[in-house]
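Worksheet: one structure, shown below.
Chain letters run A, B, ... following the sequence lines, proteins first and then strands; every chain starts at 1. The model shown is predicted, which means the values in this text are computed figures rather than measured ones.
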Amino acid sequence: MCAAVKYNLRGPALIPRMKTRHRIYYITLFSIVLLGLIATGVFQFWPHSIESSNDWSVEKRSIRDVPVVRLPADSPIPERGDLSCRMHTCFHVYRCGFNPKNKIKVYIYSLKKYVDDSGVPVSNTISREYNELLTAISDSDYYTDDINRACLFVPSIDVLNQNALRIKETAQALAQLSRWDRGTNHLLFNMLPGGPPDYNTALDVPRDRALLAGGGFSTWTYRQGYDVSIPVYSPLSAEVDLPERGPGPRRYFLLSSQTALHPEYREELDALQARHGASVLVLEKCTNLSEGVPAVRKRCHRHQVFDYPQVLQEATFCMVLRGARLGQAVLSDVLRAGCVPVVIADSYILPFSEVLDWKRASVVVPEEKMSDVYSILQSIPQRQIEEMQRQKWGSVSNPLFLPLIPPQSQGFTAIVLTYDRVESLFRVITEVSKVPSLAKLLVVWNNQNKNPPEDSLWPKIRVPLKVVRTAENKLSNRFFPYDEIETEAVLAIDDDIIMLTSDELQFGYEVWREFPDRLVGYPGRLHLWDHEMNKWKYESEWTNEVSMVLTGAAFYHKYFNYLYTYKMPGDIKSWVDAHMNCEDIAMNFLVANVTGKAVIKVTPRKKFKCPECTAIDGLSLDQTHMVERSECINKFASVFGTMPLKVVEHRADPVLYKDDFPEKLKSFPNIGSL
Amino acid sequence: MQAKKRYFILLSAGSCLALLFYFGGLQFRASRSHSRRGEHSGRNGLHHPSPDHFWPRFPDALRPFVPWDQLENEDSTVHISPRQKRDANSSIYKGKKCRMESCFDFTLCKKNGFKVYVYPQQKGEKIAESYQNILAAIEGSRFYTSDPSQACLFVLSLDTLDRDQLSPQYVHNLRSKVQSLHLWNNGRNHLIFNLYSGTWPDYTEDVGFDIGQAMLAKASISTENFRPNFDVSIPLFSKDHPRTGGERGFLKFNTIPPLRKYMLVFKGKRYLTGIGSDTRNALYHVHNGEDVLLLTTCKHGKDWQKHKDSRCDRDNTEYEKYDYREMLHNATFCLVPRGRRLGSFRFLEALQAACVPVMLSNGWELPFSEVINWNQAAVIGDERLLLQIPSTIRSIHQDKILALRQQTQFLWEAYFSSVEKIVLTTLEIIQDRIFKHISRNSLIWNKHPGGLFVLPQYSSYLGDFPYYYANLGLKPPSKFTAVIHAVTPLVSQSQPVLKLLVAAAKSQYCAQIIVLWNCDKPLPAKHRWPATAVPVIVIEGENKVMSSRFLPYDNIVTDAVLSLDEDTVLSTTEVDFAFTVWQSFPERIVGYPARSHFWDNSKERWGYTSKWTNDYSMVLTGAAIYHKYYHYLYTHYLPASLKNMVDQLANCEDILMNFLVSAVTKLPPIKVTQKKQYKETMMGQTSRASRWADPDHFAQRQSCMNTFASWFGYMPLIHSQMRLDPVLFKDQVSILRKKYRDIERL
């Protein structure tokens, strides 16, 4: 009301602003309603994206100009809502044909004003909220103005509040919609169903097969997989800006803010307060407010006056008790205030329960146990309360999440990236070919100016050897998911890594089998925070810690090749190709970021012929290389928006490594030292 | 923007997240809409809608949908009290409208918790093998009670599985038999298992007797008949389904790209007429003979030839050409069309084979739908859209296929691979309903290790379990509690136990020491224990039995436990290093001395070895770090029979713990490096009462292994070939560079 007046005063110029004020709410609401339907499976795998477009050129017209439709007294009334309706029985799926755009299309009937035979309106033409909702749908990519292409039909007849409409006449209005057809594929939105004295938990307007997005469903009226439960919108919380409150203890442990509770509940609450004193706050309606103070915005406890909904932020838990209806607007206020709702309303279907896991954000207590509510809440660990207050779950979802140790029999594919060091390449091939589990060898020939050696010149090895020629000399070619890779395990190896023994490589493969979702490699490296420079630094010195393994010699899952090639965030891939450096660091970032896990360094090996090793070898070369590598880390950390690398202090050795035990009985006796 | 973000903290953030979880590739881009300003006109690329077609903007001041005082006025005029309302509900909503709140007596579960009673089997009553297995699973579970006065849930000993009148398994006169049970109480708090109901021609879902207020755990149940949060939908399983253990899933590799030889396969009967025939009759339209193989046969029933249609012969020939198992192993998706009934064996077969099920069974309430999110493991198709199925599944992103396939394996192994798992899942679902505020959330059910291994009674906070750190964005615990198992009296100040205590206490990660006094002699005086920087708590073991070392003592305040035998020799450095390793693998056992198991072909049983080998599958809990939750799981998950065996032998507790942890994680334990001065076994000869010196000791351990393996129904232990050492371990560099240099010193 207040808001309405305000907007009216300022006039149409502010319409766009008013729109953005609520638009996200309604876009989200509608999106989840659709998802509720999608969750039923019919559209499960249709590629879809939900987005809205802003539209500034639509017609502005007054609600007074809406055409009037007169409903004859004897016009047909739909059947009552059919409780047995399910998607496969009442939903016309062919209307939602698998169109090339892969979008479910939604049509909105144009707005009419319905009057009965004697000219008396059937309901308010349209409420502020329903208008917002329809605007959001109309702005979304789901919207179609072509009734023949529509999968879902949304009547513009406003049934949000059953109390504000005439049931029979509204039903008649629905029945005369041009595509009504028993309500098939029609979606109605209702937040306040039922009426006195029983307050049904679903809209009483006869609606036959129409789908219902309703607030306050009970388990007996909710048609699982057909209806969608939505929250009851609270105008109050939209009007007040509440500051963000982090998780942590609040002044009150438990708070009740509803004003018109049944005396039976009131008694229970008073008893709670009496038992637990100041940690429980039971608020009531204020009786002696001075003139002009809006009563809805105040709550009282004895003579103390509190601002509502601000006071909700002072409590850890807030009660949401059933009233006349199951769905209570206070739930929206409570959530918005970051208070953990304690829902005490038996048989209530919580909003969006098909897609939201309410157990992670609320406490549901049976009405019978209301007197135990305090001890139930007390038993919740503090850290869990904080988790509920946060209501967001930062998470890593490892694409290779199944604990699986692949059998040894498949073996691995070695990939050697080479340019023109043929002699060294051949040595690497010869050495690697001795590894028992090698299944195939792939040489990625990255030199466009020179042909690879003739077939006859290549070393003869016991496994297939394939040469792949690339179109451009790019480092990322090493990580392309070539079709020729037929094993899960890939060994990336530089064309100058000749010192690794067959035992070392075989052992590395065995370790990879135990950690198929990690990078398992030989040369280990570390990133460090440079306190002086305030940035990340790359470290190749002999440290006690490892956070990366170089892909000059590392095993990893072929999936990561796919990930590197197609899902590398930002401009990292082009950065790597442009700098001709850091592809290995990029791979380490990528894998750590997606799995949340550390690398595994295998065997003591630390010395390799690679540019940066020269520094260690005392040849004092290439300081610039180290600087560049540090730059890469900083660049990647900023692209990823986080530092995903994990530091560990261990490496993997064979069980009997360096044990005083006959070498010939060891599986991997020939493990080199440095 | 900030305020708006806050406003929809749950609706947007929560739901977006849920969306990401549930719908993978779905993108939600509402908030980015600003950048699209002005581009809308070409949104369809096809036509430019005139402004008139959009929902108009009304400059009018519209009224809110609810007058400000409506809700309050309504609430204050309610006359019926909440209690009356509840009573009214429970008297109205019976039979097909049963819900827990109207048909279940919660008070029976208040006193003794979730206890399940199985009626004694009556003489002369035949019980088919499947139902025997179900009853055995309940009787073997921790929920079982033989005392009906303790029970919260009742299960009949009358075989209700097959209610098809034409079936030889059909039990007659069930109605009167059930009515005569004096605990029946009109089915209140009873659970009835059923696999088949109805018969030809209409296959109704009626079980043929009045179930009163009993819950149904039923296969092939339809959404129309399913009473949400009251009934439990279970999978159809064959009489050969193993009672315990169960085969693992067939997936061995996550191949990339995740596509197999065939895109979609099915092989099964075709019904020419009657219920369920439509879909199978239409399958040939989609069969392409290449990567979509939908094969049906008419050859079933006695006189199929009489009814056969023109396609039968051709179909039958195609059908014979392919081997079902070969197809199953080589297909990305497996069609699961309804049969006469909604559920079919194809469902579990596909799940086990890591062949993503494509459900074509309209109205089937999928198994355990109350807790399992099937969108993560199956494609739920619509029989009416059969012809679109190939294009639908071809449009599924490969990343999604990879995830779906892994999820089939997780679900199969967590809930379906044995009758016991199916039964326990059913019971746990019901238990979660009864104790709502200590129940599992959707993440627990749908993520490894799954709901059967994660007991919410331990904690309602996910961060208290070792499995969800990454999901919650948490770091693993930073401190441990050393629990020293003391069995010999304290006589000298040079006793190893005191050295051990001091070494553990010196670790920078040590929060406290608990000495579990399992010795018959009285507790030593307080001053006999050395002074340490961390608190030392001595607790006297209950009954002084072996299993008491794994009790989840409240005194243990950290999530990590360093479990120690009194004669273990360890240095602080070794402890420090092992703990940093454990932080990387908090769900596993990380320890020092390791042991191995092997299959002894000659004796046809499992063998145990303590020899130095190139691999291991157990680490001894006389010196190991693991999560405190495993104390809880050991105590509350394992059956009394195994724990009693351990206590009687005073042996094998470590083997049992390794079995348990590997069964949960499906991974081997981790061995870390240790000093080598105690060569043969670290469990030294120092202690007089050393149980390791006993010649029977080894034989006992061997027989423990076989007893444990038979309870688990399979061998959960897994071998590892690696040991984790410090990065610079025994490297030829200056010892000063090394952080854990003491480990190398002799």
Side-chain angles (χ1 to χ4, degrees), chain A residues 4 8 12 27-28 32 41 45 49 51-55 58-61 63 84 86 88 98 127-129 134-135 138 145 160-161 219 241 260 264 323-324 335 346 355-357 359-360 376 381 384 392 394-396 402-403 406 488 510-511 544 558-559 596 649-653 655 658 667, chain B residues 3 7 10-13 15 18 27 29-30 33 36-37 40 49 51 53-62 64-66 72 74-76 78 81 99 101 223-224 228 253 256 362-363 380 384 388 396 406 437 441-442 461 470-471 473 580-581 614 666 721-725 727 730-731 739:
Chain A
N8 198 29
I27 291 168
T28 313
I32 304 181
F45 283 102
S49 65
E51 63 181 82
S52 72
S53 57
N54 248 311
D55 190 76
V58 288
E59 184 198 10
K60 298 181 175 70
R61 78 160 88 117
I63 190 162
S84 68
R86 292 295 182 277
H88 66 276
F98 189 67
S127 67
R128 193 172 72 201
E129 288 80 6
L134 296 186
T135 306
S138 149
D145 53 6
L160 281 183
N161 181 0
T219 171
D241 281 343
E264 199 176 293
L335 285 172
D346 286 3
V355 288
L356 285 186
D357 188 2
K359 283 180 184 169
R360 294 184 72 177
I376 289 172
Q384 191 196 351
K392 66 165 194 278
S395 86
V396 176
L402 191 72
E488 262 191 289
E510 300 292 346
V511 172
N544 286 285
K558 184 187 174 188
Y559 177 78
E649 301 185 326
H650 50 255
R651 70 166 200 241
D653 288 328
V655 176
K658 293 270 182 187
S667 300
Chain B
Y7 182 84
L10 193 95
L11 296 185
S12 335
S15 56
Q27 298 163 298
R29 286 182 282 169
S33 58
R36 288 174 35 104
R37 239 172 239 178
H40 78 279
H53 289 126
F54 289 98
W55 186 252
R57 301 294 189 256
F58 299 106
D60 317 64
L62 298 176
F65 80 107
V66 51
E72 201 178 303
E74 285 172 354
D75 282 347
S76 48
V78 177
S81 84
R99 295 292 186 275
E101 47 269 62
T223 48
E224 284 95 334
F253 311 101
I256 304 295
N362 285 3
I380 295 144
R384 294 171 295 177
Q388 290 183 7
I396 297 174
Q406 292 178 79
H437 57 278
N441 63 31
S442 162
Y461 175 53
N471 296 89
T580 66
V581 169
N614 284 293
K666 317 235 181 292
Q721 302 191 61
M722 53 142 229
R723 179 184 84 199
L724 293 184
D725 296 336
V727 173
K730 300 217 168 165
D731 281 350
K739 180 172 174 187

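Annotation: maximal heavy-atom pairing with chain B below 4.5 Å, among A/R86, A/E510, A/R651, occurs at A/R651. Annotation: maximal heavy-atom pairing with chain B below 4.5 Å, among A/N161, A/V655, A/L402, occurs at A/V655. Contacts with chain A were tallied for B/E101, B/E72, B/E74; B/E74 has the most, counting heavy-atom pairs under 4.5 Å. No other option in A/A260, A/G323, A/P381 has as many heavy-atom pairs under 4.5 Å with chain B as A/A260.
Although no hydrogens or angles enter the test, the distance criterion places a donor-acceptor pair under 3.5 Å between the side chain of B/D60 and the main chain of A/I63. Panel note: side chain A/K558, backbone B/I256; a donor-acceptor pair is recorded below 3.5 Å. A distance-only check finds a donor-acceptor pair linking the side chain of A/D357 to the backbone of B/S442 [under 3.5 Å]. Distance alone, capped at 3.5 Å, is enough to place a donor-acceptor pair between the B/D75 side chain and the A/A324 backbone.
Shortest non-hydrogen contact noted between B/F253 and A/P406 is CD2-CB, 4.0 Å.
Contacts between A/E649 and chain B at a heavy-atom distance below 4.5 Å involve backbone atoms as well as side-chain atoms. Heavy atoms closer than 4.5 Å to chain A are found in both the backbone and the side chain of B/Q721.
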